[in-house]
Amino acid sequence: GIKGVVLIGGPYQSNQLAPFTSSQPAPLFPIAGVELIYHHIFALSQLKSITHIYLIGLYAQNQIYQFILKCRAEYKNIQFDYLYEKEEKGTAGSLYQFKSHLFGKDTESVILINGDIAHNINLQEFIDFHKTLKNSACTIGAKQKEDVEDLQKYGCIIKNEQTKQLVHYVEKPDNYVSEFLTNTGIYILSPLFSQILDNSKQIRNSSLLQMYPEHLLQKLHSPLQNNKWLSLENDVISTNISSGQIYVYEIPQQKNFFWTQVKSPIDVLRAQKYLLNTLNVNCQIWNKSYHQNWEHRQESVLIDTQSSIDQSADIGPNVVICTGVTIGKGVRIKNSIILEGSIIKDHSFISDSIIGWHSELGYWSRVEGTPNEKVTILGCGVKVGNEVSIRNCVVLKQQYLSRNYNDQYII
Ligand code: GDD
Ligand code: GTP
C-alpha cells in the first residue's frame, strides 16, 4: 500500500507564529477551521490504497497525541502514528531513522509532505505519474516559479524535458539560475529510495570524517556538523542526481491552483483564503462528523455554530470565527481569524488580524493590519479598551491595552 508522511519539525523552528506557538505546536494552528496539518491528512486519506499516515517531528508526544487520536477516530481504515525524534536530524535524517517503518515489505510508495505548506494539488495524479516511471526512487513535485525572488526561498529544479529526470538541483541559491521550477515540498518515494538514503548517509559520514576526527564528531553540537544530520535537499537529492533515479513531476497549474508555504502570519491568512475558496467548490470535508459544528457561509466565511453573532455584524471575506466567540452589534470583520472564546463588543472593526484565544475588544475599538504586508496579532487573553485602535502590532498574551498603538511589538 501507500504510506503518507508529514514532516512537522519541532519547537526549535521559526517562531513567526508567536505568540500562538507557546501553548501549541505551530502545525496544529487552525487554518480554515482545522489544524494546518489536518488539511494534509484529509488529502492523504482520499488516496486509493493508503494504509498508514505518519507524522514525524520533535514536538513532545503529549502535544501531538490528541491529534493522532482524533485522526484515528475519523479514519478507521488508516493507521496513524507519531514518530518522535529526540534530536534534530534534518529532513532526511528523520527518514533514515524511521526507514524500517516507512520502507517495509508492504510499501508500494511513500508520499512525503512538508507540514508547513498548504495546496490543492491532486495527489492521486501525482502518484499515477510516479507509477509510470520504472526506476524512480524519488519523484519531486515541482511548480513554475512565480518570480525570480523565489530562488532564494525554495529549492530550484531543472529537469530533462524528455525523460523527466532531474538534471540540476540547488537549494535556495544566491545566484541566478535560468528557467527553473521550484520544489513544492511534496515527494513520492519508492522502496528504492531506502538504498539512496544509505548511500547518502555513507557519503556524508566519510566526508565528515575527513574534516574531523571521530572522537570529536560525537561531540559536535551544531546539527550541520553532527553525524546524525542528513538534509534531504543537500545530502540526498543533490548528490544522487547522477543515479538517474530522481525524477520531477511538474504539477499542472489549472485555474484554481494554489500552493503556499505557511510560515508567517501573512501566509496563514493567505492559506486560509485559498482553503476557504476551495471549500466553496468542494464542501465534502465539512460533512464529516469532525466538522459538524461549522457553518460555511458564502464569501469565504466559516463560523462555528457555538458562537453568538449579532445579525447586524458584517463578516467577510476570508474570516473564520472559532467556537465560543461573542460578536456584538455593527461589528465589521474581514481577512481575519477570531480564536476560541473571544468577545468582540459592539461596533468594533477588525481587519488583517488574528485575535487570540479569550481576548476581548471593547466598544468601537479597531484592530487592523495592512493587507498583504502585516498582520496584527493579539495573543491569548489580551484586552483592548473601548475606542482604542491597534495597528500593525504583535501583542503577547494577557495585556490590557488602554491607549492606541501603531507598529509595535508589545510584550
Ligand atoms: N521531523 C522533522 N525533523 N521535520 C523537519 C526537520 C527535522 O529535523 N527539519 C525540518 N523539518 C520539517 C519542517 O517542519 C518543514 O515542514 C519541512 O520539514 C521543511 O522545512 P525546512 O527544512 O526548514 O525547509 P524549508 O521549508 O525552508 O524549504 C523546504 O520546503 C520548500 C517548500 O516549502 C525545501 O524543501 C525547499 O526546497 C522547498 O522549496
Ligand atoms: P473593502 O475594503 O473592499 O471592504 O472596502 P470598504 O469601502 O467596504 O471598506 P471597509 O471594508 O473598510 O469597510 C466596510 C464597512 O465597515 C463599511 O460599512 C464601513 O463603514 C465599516 N467600518 C469602517 N470602519 C469601521 C469601524 O471602525 N467600526 C465599524 N463598526 N465599522 C467600520
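When a ligand or atom number is given, it counts from 1 through the structure's own listing order. This is a predicted model, so every value here is computed, not measured.
Judged by distance alone, the side chain of S336 and the main-chain N or O of I333 form no donor-acceptor pair under 3.5 Å.
Here the options are N160, N135, T163, the test is side-chain hydrogen bond (donor to acceptor under 3.5 Å, both in side chains), and the partner is Y247; only N135 passes.
Between Y54 and H52, the angle of the ring planes stays under 30°, which puts this pair in the parallel group of the 30/60° scheme. Between F29 and F20, the ring-plane angle classifies as tilted under the 30° and 60° cut-offs.
With a 4.5 Å cut-off on side-chain heavy atoms, Q272 and V320 count as touching.
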Put together the list of close N/O pairs, under 3.5 Å, between ligand 1 and the protein, could you?
unit_1   : atom_1 : unit_2 : atom_2 : d
ligand 1 : 1 (N)  : I56    : O      : 3.0
ligand 1 : 1 (N)  : E85    : OE2    : 2.5
ligand 1 : 3 (N)  : E85    : OE2    : 2.8
ligand 1 : 4 (N)  : G9     : N      : 3.2
ligand 1 : 8 (O)  : G90    : N      : 3.0
ligand 1 : 9 (N)  : Y12    : OH     : 3.3
ligand 1 : 14 (O) : G9     : N      : 3.3
ligand 1 : 14 (O) : Q13    : OE1    : 3.0
ligand 1 : 16 (O) : L7     : O      : 3.2
ligand 1 : 16 (O) : G115   : N      : 3.2
ligand 1 : 16 (O) : D116   : OD1    : 3.3
ligand 1 : 26 (O) : K263   : NZ     : 2.7
ligand 1 : 27 (O) : K172   : NZ     : 2.7
ligand 1 : 28 (O) : K172   : NZ     : 3.3
ligand 1 : 30 (O) : N114   : ND2    : 2.9
ligand 1 : 33 (O) : Q261   : NE2    : 2.9
ligand 1 : 35 (O) : N183   : ND2    : 3.4
ligand 1 : 35 (O) : Y187   : OH     : 3.4
ligand 1 : 35 (O) : E233   : OE2    : 2.6
ligand 1 : 37 (O) : G155   : N      : 2.9
ligand 1 : 37 (O) : Y169   : OH     : 3.1
ligand 1 : 37 (O) : E171   : OE1    : 2.7
ligand 1 : 37 (O) : E171   : OE2    : 3.2
ligand 1 : 37 (O) : N183   : ND2    : 3.2
ligand 1 : 39 (O) : G155   : N      : 3.1
ligand 1 : 39 (O) : N183   : O      : 2.6

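For K201, there are no salt bridge (charged side-chain N to carboxylate O under 4.0 Å, His left out) partners, not counting sequence neighbours.
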